[in-house]
Amino acid sequence: MSVNTDRYESAAARYFEAWNATEPEALKKAVAAAWTVDGGYTDPLADVRGHEGVAAVIAAAHEQFPGFVFRPLGTVDGHHDTARFGWELVSEADSSAPVAGFDVVTLDAEGRIRQVLGFLDRVPAGA
């Protein structure tokens, strides 16, 4: 059985592009490219729908962790309309990674994200 892993890897690449966009217009475009119009994002700290809500969660993460980038951890795995991948938040200054997690995404027929269910595996004390 052949699985089209490109679909999952492309969705994850657009996802990370959105999470690493810090300029408001770039963030808006990246979220629109990655998510469906009514797409959602849910993790222990957030539960939002739509491009504005997703962009606000991403902007808040950059406010809390300036100078950090989101990087994939391991490979992207998927089947049907679902993909999963690990990630970490890495300091560009000293390469520390105080936050790491695991996300499960549901895709539409075009490979855009309908829903993200995020799990936080490592968070800094007091965060």
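Worth saying up front: this structure is predicted, and the values here are computed from it rather than measured.
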Apply side-chain contact (heavy atoms from CB on, under 4.5 Å) to residues W19 and V69 and explain how you reach the verdict.
CA-CA 8 Å; W19 273 96; V69 293; over 6 Å; no
Decide yes or no for Y15 and V116: does some side-chain heavy atom of the first lie under 4.5 Å from some side-chain heavy atom of the second?
yes
I113 and V54, any side-chain heavy atoms less than 4.5 Å apart
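Sidechains of I113 and V54: no contact.
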Indicate, with yes or no, if V48 and F119 share a hydrophobic cluster defined by side-chain heavy-atom contacts under 4.5 Å among Ile, Leu, Val, Met, Phe, Trp and Tyr.
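No.
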When clusters are formed by joining ILVMFWY residues with side-chain heavy atoms under 4.5 Å apart, either directly or through shared neighbours, do L120 and F68 land in the same one?
yes
Crowded around R49 CZ? As in, over 12 foreign heavy atoms under 6.0 Å?
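Yes, the 6.0 Å shell around CZ holds more than 12 heavy atoms from other groups.
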Salt bridge (Lys or Arg N to Asp or Glu O under 4.0 Å) partners of residues 87-109, not counting sequence neighbours, each pair once:
E88-R122
Sequence neighbours excluded, every pair satisfying salt bridge (Lys or Arg N to Asp or Glu O under 4.0 Å) that has a member inside residues 56-66
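Listed by first then second residue: nothing to list.
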Could you give the distance from [atom1] ([X]) to [atom2] ([Y]), rounded to the nearest 0.5 Å?
X    : Y    : atom1 : atom2 : value
F102 : L117 : CZ    : CG    : 11.5 Å
I58  : N20  : CD1   : CG    : 9.0 Å
Q115 : L107 : CD    : CG    : 11.5 Å

Between [X] and [Y] (side chain of the first, backbone of the second, donor and acceptor by atom type, cut-off under 3.5 Å), is there such a pair?
X    : Y   : answer
R114 : D81 : no
S91  : A93 : yes
H51  : W35 : yes

Measure across [X] and [Y] and return the closest heavy-atom pair with its distance rounded to 0.1 Å.
X    : Y    : result
A33  : R14  : O-NE, 3.4 Å
A55  : L27  : O-CD2, 3.5 Å
P44  : G118 : CD-O, 3.4 Å
A30  : A18  : CB-CA, 3.5 Å
G111 : A11  : O-CB, 3.7 Å

For the pair H62 and F70, name the ring-plane relationship: parallel under 30°, tilted 30 to 60°, perpendicular over 60°.
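Ring orientation of H62 relative to F70: perpendicular.
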Do D47 and T42 have side-chain N/O donor and acceptor atoms under 3.5 Å apart?
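Yes, a side-chain donor-acceptor pair sits under 3.5 Å.
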My understanding is that only residues two or more places apart in sequence, or in another chain, count here; which of them pass side-chain contact (heavy atoms from CB on, under 4.5 Å) with V76?
Y8, E9, A12, A83, F85
